[in-house]
Amino acid sequence: MRSGQARLAIDYGSADTTAVLAWPDGTWTPLLFDGEPALPSAVLLSEDGTTVTGHHAWRAAPATPHRFIPHPRQPSEQRLTVADTDVDPLELVAATLRHVAEQAHQLAGTGIDDVRLVVPAGWGPRRRTWMRHAAHRAGLPPPQVIDAPTAVAGHLLATGLQLPVGAYIAVCDVGATAEVSVLRRGPAGFEVLATLADPTAGGTAIDDALTTTLTTSPPGTGGQRWAMMASLRAGKHALTDHPAVTVPLPDGPAVVLHTGLLDQAAQPVLRRIAHLTTEAITAAELTPRDLTGVYCVGGTARLPLLAKTITDAGITPTLVDQPTLAAARGAADAGATNTTTDPTTTEEPLPPVRRAAAIALPGLASLALVSQFLLTPEWRGSLMYREAILNWGELTMAAVFAVIACLSAGTVLASTIANRTTTPTSPGAHTGTGILAAASLGVAVSGMYAVVGSLYVGYPVNGFLRWTLLPITPTITAAAVMALIATRQWRTPAGGWSNLLAFPTSSVLTSAAGMLLIQYSLTADRWPHLLLWIDLAGRAGGLLLGIGTVMAVVSQPILRLILSAPLAVITAALVSWPASGILGAIYAIAVTTWWLRQMWTHLLRPHHPHRPPQ
């Protein structure tokens with residue numbers, strides 16, 4: 001017996017019910033019913049008034065077909081007539097839940113106070129309340145009701161799926177019926193954007209089509225029908241491990257059921273499921289390319305033809321591991337205090353170790369540029385009056401790189417703290433504070449460059465401040481807006497804030513190398529035999545600076561290739577003392593453009609509206 005209070009999660013389906021027990025230490029186990037993880041939801045009312053559930057109900061159905069109810073999960077207002085007696089479906093559902101509760105208590109060895117019930121996403125408040133009443137009649141404590149697709153999404157996270165905040169997924173739940181839902185992972189968990197259900201597209205419809213394929217005449221509605229359905233259920237289950245099985249028929253010789261016959265009977269139903277998936281994605285105002293993945297669960301999802309049919313519709317699905325238990329497994333983890341992958345507890349993904357390069361590279365580039373700027377001025381004039389010719393563009397780029405490094409470092413640090421903190425402060429507040437602190441540090445470093453340069457060269461500080469602070473002002477303003485958005489929790493970018501503020505390191509490396517070559521060409525000794533090579537180095541630096549500028553503005557490789565050629569030629573032609581400041585200003589404008597693009601694309605641009613479940 002495990003220590004700690006167990007959690008019971010029940011996925012009560014139209015045809016089958018599954019359940020798992022989970023413990024505080026993270027371990028879990030499925031409940032087994034007659035050795036199977038799936039308990040048939042069917043019930044049978046015996047003549048003495050008792051209720052037979054699960055596999056026993058199916059075995060007794062051929063003898064007393066008029067007392068057998070294969071799908072007791074009915075609309076809350078509907079009544080059933082069984083053997084000329086009105087029956088409340090609530091009592092039938094409660095009987096199955098009572099069976100599950102008894103099995104759970106036997107396995108846990110103690111009482112269970114934490115129960116979660118999985119329901120379809122399309123259910124409204126009335127049907128959810130109806131399900132709670134059924135749990136109460138079964139003797140269960142008040143349950144937490146969880147949408148099936150939300151539970152499946154939680155299971156995906158618990159099993160290692162990397163799903164950033166803002167990502168979209170679709171869950172195709174195919175059991176006896178079919179329901180397809182589109183979800184978005186938000187800062188507080190998953191939200192259902194659209195859900196579509198079709199009771200005629202699922203395992204029950206496939207069973208009916210298979211019955212028509214295997215028999216020349218329908219078995220009717222009596223005992224023969226349920227005997228045949230029981231044989232078909234067993235045969236379909238056996239086909240997962242065998243290419244063909246023999247299925248006994250109650251009114252004739254046995255037939256051989258193989259995957260070809262099953263695919264033939266299932267194909268029209270599976271095409272409807274594929275169409276339903278496309279409709280759900282369209283209802284969420286998304287396209288398949290917007291989705292991180294499409295995940296299939298449920299007993300019917302194990303049919304290999306389902307994946308092929310959905311793929312033919314232009315969507316690539318993924319079969320979830322243990323598809324019949326995925327929803328119950330995810331519901332068992334929902335809200336668990338020890339579950340580190342619970343989507344409701346983590347807003348900001350932990351930054352990867354490789355992000356250190358995004359901090360170190362612009363920082364080193366900034367130090368290299370400001371050092372060369374201070375050590376290689378061009379002095380002109382006499383001893384009485386000397387004038388320093390300075391590469392103001394190099395100082396500008398040093399300030400820009402300093403701001404980039406500070407913002408990257410501050411955001412990564414804030415994201416890490418937000419992941420590890422145990423205080424009630426929201427992760428967005430940590431991130432916003434980190435962005436503002438990093439922006440302030442970037443301004444301070446840029447101002448320090450100006451003051452040190454003024455003292456070293458012996459010129460008034462005004463000119464130095466003009467070339468350090470003015471170019472970074474738009475970027476600092478954008479950072480302040482981003483900090484406000486993070487603090488207010490208006491919107492969290494996909495991949496987290498640290499990923500959003502990861503400036504392209506390729507642009508930093510290329511542009512810094514270009515400016516270093518430009519400054520070298522402007523200040524190197526003009527020996528006649530080196531004049532050509534020095535000038536070529538300057539032109540090469542201009543080319544690199546132009547290419548790095550395009551890398552900052554454009555992310556698509558083909559557009560980079562198209563735009564780099566003309567801009568690189570222009571910047572190479574501009575290499576000279578009078579135009580050095582212009583070159584730095586061009587790059588500063590490119591960096592500002594990158595920030596504005598990030599803000600618009602990931603934060604300000606209207607996203608697809610969130611449609612409520614239908």
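These numbers come from the heavy atoms of this one structure, side chains and all, not from hydrogens, waters or symmetry mates.
- Listed for the Asp147 side chain is no donor-acceptor partner under 3.5 Å among the backbone atoms of Thr150.
- Listed by chain and number, the residues in a salt bridge (charged side-chain N to carboxylate O under 4.0 Å, His left out) with Glu279 are Arg272 (sequence neighbours excluded).
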Just do the side chain to side chain contact (heavy atoms under 4.5 Å, CB included) check on His155 and Asp333 with the steps written out, would you? CA-CA 8 Å; His155 171 70; Asp333 278 338; over 6 Å; no
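- For Thr510 against Gly548, the heavy-atom pair with the smallest separation is CG2-N, 3.8 Å.
- Under a 3.5 Å cut-off, the side chain of Thr27 and the backbone N or O of Trp23 do not form any donor-acceptor pair.
- With Ser454 contributing its side chain and Ala450 its backbone, the two residues share no donor-acceptor pair below 3.5 Å.
- Looking at heavy atoms from C-beta onward, Trp595 lies in side-chain contact with Leu407 at the 4.5 angstrom threshold.
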Derivation and outcome, side chain to side chain contact (heavy atoms under 4.5 Å, CB included), residues Leu157 and Arg185: CA-CA 11 Å; Leu157 290 180; Arg185 188 185 183 192; 4.0 Å; yes
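- Residues satisfying the side-chain contact (heavy atoms from CB on, under 4.5 Å) test with Ile315, not counting sequence neighbours, are Thr277, Thr278, Ile281, Pro288, Val294, Ile310.
- With hydrogens and angles left out, the side-chain atoms of Thr287 and Asp290 include a donor and acceptor closer than 3.5 Å.
- A side chain to side chain contact (heavy atoms under 4.5 Å, CB included) with Thr523 holds for exactly one of Ile389, Ile518, Thr376; it is Thr376.
- Between the Ser511 side chain and the Val508 main chain, no donor and acceptor come within less than 3.5 Å of each other.
- Between Ser446 atom OG and Leu441 atom CG the span is 9.0 Å, to the nearest 0.5 Å.
- For the pair Ser366 (side chain) and Pro362 (backbone), a donor-acceptor distance under 3.5 Å is absent.
- Proximity of a side-chain donor or acceptor of Thr571 to a complementary backbone N or O of Gly542 within less than 3.5 Å is detected.
- Counting only distance, with no hydrogens or angles, the side chain of Arg560 and the backbone of Met551 share a donor-acceptor pair below 3.5 Å.
- For the residue pair Thr396 / Tyr587, no side-chain donor-acceptor distance below 3.5 Å is found, with atom types taken as modelled.
- Between Leu395 and Leu390, every side-chain heavy-atom pair lies at or beyond the 4.5 Å cut-off.
- For the atom pair CZ (Phe503) and CD (Gln598), the distance works out to 9.5 Å, reported to the nearest 0.5 Å.
- Side-chain contact between Ser521 and Val575: present, with at least one pair of heavy atoms (C-beta onward) separated by less than 4.5 Å.
- Side chain of Ser580 to main chain of Trp577: a donor-acceptor pair is present (N/O by atom type, distance under 3.5 Å, no hydrogens or angles).
- To the nearest 0.5 angstrom, Ile472 atom CD1 is 10.0 Å from Thr477 atom OG1.
- At least one side-chain heavy atom of Leu163 sits less than 4.5 Å from a side-chain heavy atom of Phe190.
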Worked check of side chain to side chain contact (heavy atoms under 4.5 Å, CB included) between Gln372 and Glu394: CA-CA 8 Å; Gln372 189 184 42; Glu394 187 170 35; 2.4 Å; yes
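- Contact check for Val152 versus Asp173: no side-chain heavy atoms found under the 4.5 Å cut-off.
- The SG atom of Cys172 sits 11.0 Å away from the CG atom of Leu196 when rounded to the nearest 0.5 Å.
- Distance check, rounded to the nearest 0.5 Å: CZ of Phe401 to CG of Leu367 gives 12.0 Å.
- Taking every heavy atom of both residues into account, Leu545 and Thr549 meet most closely at O-OG1, 2.8 Å.
- Residues Leu291 and Ile169 fail the side-chain proximity criterion, which asks for heavy atoms closer than 4.5 Å.
- Counting all heavy atoms, side chain and backbone alike, Gly584 lies closest to Met515 at N-CE, 4.4 Å.
- For the pair Ile404/Trp594, no side-chain contact is recorded, criterion being any heavy-atom separation below 4.5 Å from C-beta on.
- In this structure, the side chain of Arg7 engages the main chain of Ala332 through a donor-acceptor pair within 3.5 Å.
- Taking OG1 from Thr309 and NE2 from His275, the interatomic distance works out to 14.0 Å, rounded to the nearest 0.5 Å.
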Between Tyr449 and Leu469, is a side chain to side chain contact (heavy atoms under 4.5 Å, CB included) present by the stated rule, with each step listed? CA-CA 10 Å; Tyr449 285 171; Leu469 297 186; over 6 Å; no
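- What you find for Val553 and Ala590 is that their closest heavy atoms are CG2-CB, 3.7 Å.
- Arg184 contributes no side-chain N or O that, together with a main-chain N or O of Glu191, makes up a donor-acceptor pair within less than 3.5 Å.
- Residues Ala439 and Ile476 come closest through the heavy atom pair O-CD1, 3.7 Å.
- Contact record, Gly581 with Trp467: O-CZ3, 3.7 Å, taken as the closest heavy-atom pair.
- With sequence neighbours excluded, the residues satisfying ring pair (Phe, Tyr, Trp, His ring centres under 6.0 Å) with Phe464 are Trp392.
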